[in-house]
Number of protein chains: 2
Amino acid sequence: MGLGALDRVTWALRRAELAVQTLKEQRLRPLGMAAAHYTLLMSVHSEPGLAGAELARRLNVTPQAVASLVARLEGRGQLERREHPRHRHVQELHLTDAGREALRAADQVIADVERHITEGLGPDQSAQLRTLLDQVSKTVRNA
Amino acid sequence: MGLGALDRVTWALRRAELAVQTLKEQRLRPLGMAAAHYTLLMSVHSEPGLAGAELARRLNVTPQAVASLVARLEGRGQLERREHPRHRHVQELHLTDAGREALRAADQVIADVERHITEGLGPDQSAQLRTLLDQVSKTVRNA
DNA sequence: AGCTTAGCGTCAAACGCTTGATGGTTATGA
DNA sequence: TCATAACCATCAAGCGTTTGACGCTAAGCT
């Protein structure tokens with residue numbers, strides 16, 4: 001029987017993602033930051049003031065997972081919860097100065113990983129890879 | 001400041017992988033099988049008789065995670081642990097007939113997902129994507 | 001206005017995985 | 001031969017996440 005799953009695109013995709021994520025985690029570890037923390041900080045940075053539940057949707061995780069991360073980052077003084085002006089029950093998430101500094105340091109590491117990959121591929125192939133990956137995402141989304 | 005992580009290749013990679021994995025999980029759910037189960041069964045199928053620890057290395061997880069999955073699949077009668085001929089302490093992992101049948105059904109679903117993606121991309125672009133992904137894996141591995 | 005609906009945040013329990021440590025088994029080398 | 005090292009499997013504890021349920025707040029509808 002066939003069952004040759006070894007040379008499928010989705011397996012190559014999985015292995016590449018796993019390798020990249022592992023490398024990021026390793027590089028981020030000396031900074032005392034997990035990849036999930038970096039992702040959350042970066043999301044809040046790019047879209048400040050949104051609620052935890054909204055953030056959870058963008059990151060494809062549950063609101064509780066976000067709440068857990070927020071609690072930790074708030075404890076470190078990198079993130080702060082403000083009261084939403086209209087909805088008293090909702091909390092706006094914002095970065096503190098310390099949070100911005102931590103994000104800057106972490107992003108330097110992440111950008112280095114990214115650069116290493118894109119240089120290994122070359123500029124045009126990197127762009128093409130991104131195009132193909134986006135197309136995969138789009139194809140899968142409306143499956 | 002720059003900090004534009006949104007249009008990085010590694011983010012596109014992450015999102016694509018997440019989307020594909022989520023879709024697989026959804027499609028596999030009606031069969032009562034998780035993606036991790038499918039992966040394990042497929043690995044055992046492609047290389048029968050290897051030990052749990054060895055399997056863990058290929059899947060990039062811990063031996064305990066494999067043991068947990070094996071215990072569950074053994075309970076379902078889809079997998080069996082045989083005694084290694086030389087090392088009495090080691091266990092060879094083999095598929096049962098029921099395991100092979102379950103794998104066949106699951107692989108049909110997975111192959112369908114794969115087909116949907118490759119058809120959305122076209123044959124040559126699919127091949128190119130796989131090449132690029134493998135190159136990313138290789139680049140990252142010796143970073 | 002009052003009622004229903006929808007959305008956010010949080011608590012509690014369950015699940016899966018990792019880390020660390022232990023015991024058992026085979027191979028290697030003095 | 002005997003001791004050391006290497007490897008596998010397993011147990012126990014800790015951590016992060018998901019699932020399910022509850023209370024609370026704001027908006028939409030009659």
Side-chain angles (χ1 to χ4, degrees), chain A residues 14 17-18 21-26 28-29 32-41 43-44 47-76 78-94, chain B residues 14 17-18 21-26 28-30 32-41 43-44 47-76 79-94:
Chain A
R14 177 174 167 75
E17 215 287 308
L18 196 61
Q21 205 63 19
T22 301
L23 180 60
K24 284 185 178 180
E25 208 85 48
Q26 285 178 0
L28 241 37
R29 193 169 209 76
M33 187 181 299
H37 299 158
Y38 166 77
T39 303
L40 183 60
L41 289 179
S43 298
V44 173
E47 293 184 273
L50 39 69
E54 185 60 32
L55 198 46
R57 275 185 290 256
R58 323 239 167 175
L59 301 180
N60 276 297
V61 295
T62 58
Q64 288 81 350
V66 171
S68 174
L69 290 173
V70 167
R72 179 166 310 216
L73 293 174
E74 189 184 24
R76 291 189 196 170
Q78 299 176 347
L79 204 66
E80 68 175 357
R81 293 193 262 204
R82 298 181 198 162
E83 189 179 78
H84 191 99
R86 295 186 60 89
H87 307 269
R88 196 181 343 180
H89 197 57
V90 179
Q91 308 162 350
E92 286 189 346
L93 297 176
H94 292 273
Chain B
R14 177 175 167 75
E17 215 287 307
L18 196 62
Q21 206 63 20
T22 301
L23 180 60
K24 284 185 178 179
E25 208 85 49
Q26 284 179 0
L28 241 36
R29 193 170 210 76
M33 188 181 299
H37 300 157
Y38 166 77
T39 304
L40 183 59
L41 289 178
S43 298
V44 173
E47 294 183 271
L50 39 69
E54 185 61 32
L55 197 47
R57 275 183 291 249
R58 322 240 168 173
L59 301 180
N60 276 297
V61 295
T62 58
Q64 288 79 349
V66 171
S68 174
L69 290 173
V70 167
R72 180 166 311 216
L73 292 173
E74 190 185 24
R76 292 189 196 170
L79 205 65
E80 68 175 355
R81 294 193 261 204
R82 298 181 197 163
E83 189 178 77
H84 192 98
R86 296 185 59 87
H87 307 270
R88 196 180 347 181
H89 198 55
V90 180
Q91 308 163 349
E92 287 189 344
L93 297 176
H94 292 273

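It should be emphasised that the depicted structure is a prediction, and the values quoted were computed from it without experimental measurement. For the numbers below, each heavy atom of this structure counts, side chains included, while hydrogens, waters and symmetry mates do not.
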Taking everything shown except Arg88(A) itself, do over 12 heavy atoms lie less than 6.0 Å from its CZ?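 No, the 6.0 Å shell around CZ holds no more than 12 heavy atoms from other groups.
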
Can you list the residues that meet the side chain to side chain donor-acceptor pair (under 3.5 Å) rule with Gln64(B), with sequence neighbours excluded?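 For Gln64(B), no residue satisfies side chain to side chain donor-acceptor pair (under 3.5 Å) once neighbours in sequence are set aside.
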
Using the C1' atoms of the five pairs at each end, what is the angle between the end axes of the helix from dA1(C)-dT30(D) to dA30(C)-dT1(D), to 10°?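 It works out to 10° between the end axes.
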
Just wondering, do [Y] and [X] contact through their side chains at under 4.5 Å, heavy atoms?
{"X": "Arg76(B)", "Y": "His37(B)", "answer": "yes"}
{"X": "Met33(B)", "Y": "Leu41(B)", "answer": "yes"}
{"X": "Gln26(A)", "Y": "Leu23(A)", "answer": "yes"}
{"X": "His94(A)", "Y": "Leu79(A)", "answer": "no"}
{"X": "Glu92(A)", "Y": "Pro48(A)", "answer": "no"}

Tell me, please, which residues at least two apart from His87(B) pass ring pair (Phe, Tyr, Trp, His ring centres under 6.0 Å).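 His87(B): ring pair (Phe, Tyr, Trp, His ring centres under 6.0 Å) contacts with His84(B).
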
Minimum heavy-atom separation for Gln21(B) and Ala35(B), please, with both atom names.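 Where Gln21(B) meets Ala35(B) most closely, the heavy atoms are NE2-CB, 3.8 Å.
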
Could you tell me the separation between the NE2 atom of His84(A) and the P atom of dA26(D), rounded to a whole number of Å?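 Roughly 10 Å, once rounded to whole Å.
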
Boundaries of the DNA chain C segment in contact with chain B, non-hydrogen, under 4.0 Å: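 Contact boundaries, 5' end first: dG16(C) to dA27(C).
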
What does nucleotides 6-19 of chain D look like as a protein-contact string, B for base, S for sugar-phosphate only, - for none, at under 4.0 angstrom between heavy atoms? --BSBB----S-BB

Could you pull out all donor-acceptor pairs under 3.5 Å where a side-chain atom in residues 50-60 of chain A meets a protein atom, sequence neighbours excluded?
unit_1   : atom_1 : unit_2   : atom_2 : d
Glu54(A) : OE1    : Arg57(A) : NE     : 3.4
Glu54(A) : OE1    : Arg57(A) : NH2    : 2.6
Glu54(A) : OE2    : Arg58(A) : NE     : 3.3
Glu54(A) : OE2    : Arg58(A) : NH2    : 3.1
Arg58(A) : NH1    : Glu47(A) : OE1    : 2.8
Arg58(A) : NH1    : Glu47(A) : OE2    : 2.7

